[in-house]
Amino acid sequence: MSWLHTWGGLSVGWLLYFMFITGTAGYFVSEIDYWMQPEMPHLNESAEHGQLLLLAEQHLSRKAPTAKSWRIYLPSERERTLKVRWQDGDGRHKDILHPVSGDVVNVRDTGGGGQLYGMHYRLHYMPRTVAFIITSLCGMFMLIALITGIVIHKKIFIDFFTFRPGKKQRSWLDMHNILSVLPLPFHLMITYSGLIFLMFTTMPAVFIASYGVEEEGQQRFRSELRSTPIPIKATGNRMSLTSLPELLEKAEGSWGQGNVSRVSIEHPGDSQARITLQKRRVDQVSDEQKLIYHGVSGQLLSAVDEVGTSASKSFYALMIRLHIGEFAGTVLRWLYFLSGLMGAGMIATGMVLWANKRRTKADKSGHASKGLILAEHLNVGTITGLPIAIAAYFLANRLIPLGLENRAEWEVNILFITWASMLVYPAFISKFKQVLAAIWVQQLTLASMLYLMLPVINMITTNKHLGVSLLTADWVRAGFDVSMLIIGLCFGVAAFKMQLKKQSAKSQGTAKGAQQTVPTMLAKDVSP
Amino acid sequence: MAIFSRTLAAIVGGYWLANVMGILLSLLLGGTQANNVLTAMLMSFSMYAAVVIWVFSAKTAKQACMGILIPCIVGSLVVFVMVDGAL
C-alpha cells in the first residue's frame, strides 16, 4: 500500500500539480477573464432582460441569420456583459455586447481565464482525446493515491490535529497529512467527479456494448441521458421567430425575476425553430431546469426538470456540478479555491517528502541517484516554476502587442516556454555547483517579483489599474491586483525564509545540510 | 520485472477488467438502458481503483497477473456472447 501510494503519486505528481493549480484558477474564471480584458468597461447596470434579448436577437440576425444555433447569455452578478454565441458552417463564434446599448465590446485577443483553467483537462498542443486520456489516467493515479493514503493512515484523526513544526522530515510529513486530510472530502470529490467528467471519452466500451458504435445509437444514448428532445432538422422554410421577451416573461413568472440564465435558439428563422430557456442556479446545487418552446408559435413543448429522474442521473449531474462549482456563492467559491490550493500543496509536499527522504540517505552514502536528482529538479521547476509561468501568462496578456497574429496563442506559448525554462534552469545551473536550496531561493524570488510586478505593469499598460479600480469600486479588478500582490508577498516571505535557512545551514558548516532543505513556505501560496 | 508486470496488470488489466465489469453490470441491471449504462460507467472507476489496489496487494506478481488475466478473459467471452445476442 505504502509503495503504491509513494510511487503512484510520484509518477504523475508533477502533472497532477499542474492540473490542480490550473483547475483551481477555474473557480475564478470570470474574474480572470475580466482582468485579462481591460477593454471591458466596468458595468454596474444593465438594461431589462427582455430588452437585452431583443438587442441580442437584432445583433444575431444581422450577423448570423443562417446560423445553426444561437445562444444568448443574460448578465449575472459575476458576468456583467451580454454574451452571444452562434454556430454555423465555419464553427463557433462569440461576441460580447454592452448590457445597456447592445453595442459590440471589442476586447483584445486573449485566452483569458478559460484558456488557463481549460488546460487542467485539455492540456495543450495535443488533440483533445489524447489530453482527456492522459488527464484521466492521472486522475486514476490520484484516486488510488488518495485511497491508499487513507489506508496507510491508521491514525488519520490523530494526524489531523498533529503538526510538529521545525522538525524537518517530520514537519513535512505532518504538513502533507494536514493538507490531505483537512480537505479530504474535496480531494475525493474533485478526483472522482473529474474522472466522471471525461468518462464518455475514457470508458466508451461500456455504452458501445448497449448502443453500438454507430453515431445514431450514441446520439440516442446522449439524448436519453440528458432528457432533451432529439435534435430537430431544419425545414428550410423561413419564418420569423416568436417574441423572446414574451417567453422570458412566462419563464420568469414561474422561476422568478432575473432567473433565466441562457436562451438558446436552434435553427433560428426556420419554421421548425426551437427555443430553450434555462434556469439560473444560485447558491444551490439544484437540478437543471429548462423550458422548451416552439420557435415560431411560442407554444411550450416540454418542461425539463431533472428532479428525481433517476438516481444515477442525479448522481452524475450532482458530481459534474460539484466539480464545476458554478453554483457557489462568494464564500463557497473561496473555499473551493483554498481547497484546490491545498490539493496542490498536498501533491507538492508529497513530492518534496519523497525527495527529502532519499536525499538524507544519499548524503550519508555520498551517492545520489539520477532519479533523485531528476525529481529534485522537477520539484523546484514545477512547484515554483509553474506559478512563475502563470505570472508570465498574465504579463504576456498586458505586454504582447495588440495587433499580433494569434495573440491568444502566444500568451499560452509564453506560459509553456517560461515553465520549460524553469524546468531546464536547475539542471543547467547545477553544473556550476549551485546547491539546490539556492535554486529554490532564486525561483521563489523570481515568482515574488513577477507577481508583485503584475499590478505595476497593469498600471503602465492600462487605465484599469488599482488607482482607478479602487476609486470606481471596480472590486473584481481591484481584487485581482490585490490578490497578485498578496501572492507576490507570500513568495517573497518563502524566499526570505529559505535564504535564512540556507545561511544558517552554511554557518553551521554543514554544506550538505543546505542541500536537503527545501523552502518552508510551500506551494500552498501559489497563484490563483 | 515483478514491479513491471504488476504495473502492467494494474493499468492495462485494470482498465480491461473495469470495462468488462462495467459492461456486464450495464447489461444485467434491471432499469432503463440509459440508466444502466450510466450507473455502470459511474461505477467503473471505483472498480478500476479496487482492481489496481488488489494487484499491488496480492502476494506474488504471478498471482496478481493471473488474478487479473483469468477474469478478464472469462468476462470478455461472456460479454461477447451477451452483446452479440443483444445487438
Any heavy-atom pair between the side chains of [Y] and [X] that's under 4.5 Å?
X: A:Ser210; Y: B:Leu27; result: yes
X: A:Trp3; Y: B:Ile3; result: yes
X: A:Met140; Y: B:Tyr15; result: no
X: A:Phe221; Y: B:Gln33; result: no

Under a 4.5 Å heavy-atom cut-off, does chain B meet the side chain of [X], its backbone, both or neither?
X: A:Leu195; value: both
X: A:Leu143; value: side chain
X: A:Ser136; value: neither

Chain A heavy atoms under 4.5 Å from B:Phe45: which part of the residue, side chain, backbone, both or neither? both
Segment of B:Thr32 engaging chain A (4.5 angstrom heavy-atom cut-off): neither
If you look at every heavy atom in [X] and [Y], which pair is closest and at what distance?
X: A:Leu137; Y: B:Ile11; answer: CD1-CG2, 4.4 Å
X: A:Met203; Y: B:Met41; answer: O-CE, 3.6 Å
X: B:Ile23; Y: A:Ala209; answer: CG2-CB, 3.4 Å

Winner by heavy-atom pair count (cut-off under 4.5 Å) against chain A, out of B:Thr39, B:Asn35, B:Thr7, B:Leu25: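 Between B:Thr39, B:Asn35, B:Thr7, B:Leu25, the count favours B:Asn35.
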Donor-acceptor contact present, side-chain A:Tyr192 to main-chain B:Leu42, <3.5 Å: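 Side chain of A:Tyr192 to backbone of B:Leu42, a donor-acceptor pair under 3.5 Å: yes, one is there.
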Crowding at [atom1], [X] (>12 non-hydrogen neighbours, <6.0 Å):
X: B:Met43; atom1: CE; answer: no
X: A:Glu326; atom1: CD; answer: no
X: A:Glu216; atom1: CD; answer: no

Under the side-chain contact (heavy atoms from CB on, under 4.5 Å) rule, what do A:Leu4 and B:Arg6 come out as? Steps first, then yes or no, please. CA-CA 11 Å; A:Leu4 186 57; B:Arg6 272 186 208 248; over 6 Å; no
